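Comments concern the structure below.
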Amino acid sequence: MREDTLIGGIGMGYRIGMAVGVTYVIAGLFGPDGRLLRREKRPTVRSSSSELLAEVADIARDLLAQEGVDNGRLDAVGIGLPGFIESDTGLVTSANLPFGEFPVASRLRHLLDVPITVHNDVKMTVYGESLRGAGRGYAYVLGVTLGTGMSSTWISNGKLHEGNGGLAGEIGHIRFPDISYACGCGMIGCLETVVSSSGIARQAREGLAAGWIGPLADRFPLELRDELTAIDVLEAYHAGDAFAAHLFQRTAKWLARALVPTIAMLSPDLIIIGGGVAAAGEVFFEALKTAVADGLHPLYRERLLIVPSQLGEDAGVYGSAEYAVNAMPMKV
Ligand SMILES: [Zn+2]
C-alpha cells in the first residue's frame, strides 16, 4: 500500500481531463483539490482533424466558463484518445479519428495556451481507475480492459510503465497455438480474438451452431445469429442461461493464461478488470480467481486481489487529468 496519490501535485490550479471517442467527448473540470467539479459528454462532428480539435477546445472553454474559472487558472489539459502516440514526437495516428501522424498536443496547446498531454485512451482509463477508482491506495496495479479489444496497463507507485516503444501491456496480442482466429492486428491466434467482446460473441455463435440450447439459442435462431453481441450473452446470463455462464467461465480461463505469468513477473497488489465482460460479475470473477490461483505459488495468490473497475465511462477523464499534472513526458 502507498500513500494515496491524489490530483493536486504541481501547480495547484485547475485541470481538465478528456476522453475523445469516435462519436463523442467526455470531459471533466477538476479543482485544485482534485475534485471533479463539472463533467460533460458531448457528441462530436469530427469531419476533420482541425474541426475536431476546435470542438475539443470549445468544450474546455465551456467547462471553465460554466464554473466561472478564469482561463489563466487552468494548469493543464490531458487527452485520451484511441490511437497510437509516438512517445518521442507526440504524433498521433488513429484508425478511428481523423489523425494520421498528427501533432494533437501542440495544435491544442496553440488553441488553449496551456500544457497538453495526449495518451492512449485505454491507458488513461486504467490510469484513472488505478489512482482514483478501484486501485486507489494500492502501489502496484495491473489494469486489464476487455472491450472491443484487450489491453493491459502496469502502474507502479502511480507511474505508468510505457516500455520500449510504448508497447508495454499488449497482452491481448500474445499468440496461443490452439487459437486459430485472425486478429485485427494482422496476426493469427491472439488472445484478444477469444476474450474481447467480439471474441465472446464469436464463442457464443459457435456454441449455438454446435447445438447449445437455452434463452440465447431461442433468441438467436440461425437467421439472426450474426447480430449476436457480447451484451446479448450478458443478458442471457442474467436470464439464467447456463451456456452464457459457461462462456464467461471459459473466457476467464483464457484470460488467466496470460495473467498468470504476468502476475509472477510483476506481483501486483491488485488487478482491475474493466470493460463489458467485467459486468458479468461473480460468474466471471470466481472463475478467473480460481484459474489464476491454480497457476501460481500460494505466496502470490494470498496477496492478490482481483476486482472490477468502478469509475465506468468517466475513468478516462480522471486518468487524463491525473496524467496531465503528474509531470509526464510529452507535455507540450
Ligand atoms: Zn492481435
Side-chain angles (χ1 to χ4, degrees), residues 19 21-22 80-87 91-97 99-101 119-127 129 142-155 160-207 226 228-231 233-234 247-266 268 271-280 284 287-288 291-292 295 309 315-316:
V22 175
L81 51 76
F84 178 73
I85 295 97
E86 285 182 33
S87 57
L91 294 177
V92 174
T93 299
S94 175
N96 301 313
L97 295 173
F99 299 130
E101 296 197 344
H119 213 305
N120 175 267
D121 58 344
V122 174
K123 290 197 168 164
M124 291 298 92
T125 295
V126 176
Y127 195 61
E129 277 293 344
L142 179 67
V144 178
T145 302
L146 300 172
T148 311
M150 175 190 180
S151 182
S152 73
T153 302
W154 172 240
I155 293 151
L160 179 66
H161 177 77
E162 309 273 3
N164 185 2
L167 292 172
E170 295 295 346
I171 59 175
H173 300 287
I174 298 172
R175 298 170 70 193
F176 289 93
D178 54 350
I179 299 176
S180 59
Y181 305 114
C183 181
C185 76
M187 298 202 300
I188 290 174
C190 291
L191 183 63
E192 177 177 302
T193 64
V194 289
V195 301
S196 62
S197 298
S198 55
I200 289 170
R202 174 163 43 205
Q203 288 190 57
R205 282 193 291 270
E206 290 185 353
D226 286 347
L228 189 159
T229 68
I231 293 171
V233 179
L234 186 62
L247 285 178
F248 287 120
Q249 289 165 340
R250 193 165 71 178
T251 300
K253 288 178 187 168
W254 277 113
L255 180 59
R257 284 187 178 190
L259 287 188
V260 164
T262 306
I263 294 163
M265 176 64 88
L266 300 173
I271 297 178
I272 305 172
I273 310 285
V277 176
F284 173 76
L288 181 61
V292 165
S309 55

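For clarity, every value in this text was computed on a predicted model and none was experimentally measured. Counting convention: from 1, in listed order, for ligands and their atoms alike. Numbering starts at 1 and runs along the sequence shown.
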Are [X] and [Y] packed together at the side-chain level, in the sense that at least one heavy-atom pair is separated by less than 4.5 angstrom?
X	Y	answer
I273	L255	yes
P82	L97	yes
I272	V126	no
T153	L160	yes

Please list, one pair per line, the donor and acceptor atoms closer than 3.5 Å that link side chains of residues 257-265 to other protein atoms, with sequence neighbours excluded.
{"from": "R257", "atom 1": "NH1", "to": "D178", "atom 2": "OD1", "distance (Å)": "3.0"}
{"from": "R257", "atom 1": "NH1", "to": "D178", "atom 2": "OD2", "distance (Å)": "3.4"}
{"from": "R257", "atom 1": "NH2", "to": "D178", "atom 2": "OD2", "distance (Å)": "2.7"}
{"from": "T262", "atom 1": "OG1", "to": "A258", "atom 2": "O", "distance (Å)": "2.7"}

Revision key, fill the gap. Minimal heavy-atom distance between C190 and C185, with the atoms involved, is SG-SG, 3.7 Å

Practice item. At a cut-off of 2.8 Å, list the protein N/O/S atoms near the Zn ion (ligand 1), residue plus atom name. Key: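 Correct list: H173 ND1, C183 SG, C185 SG, C190 SG.
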
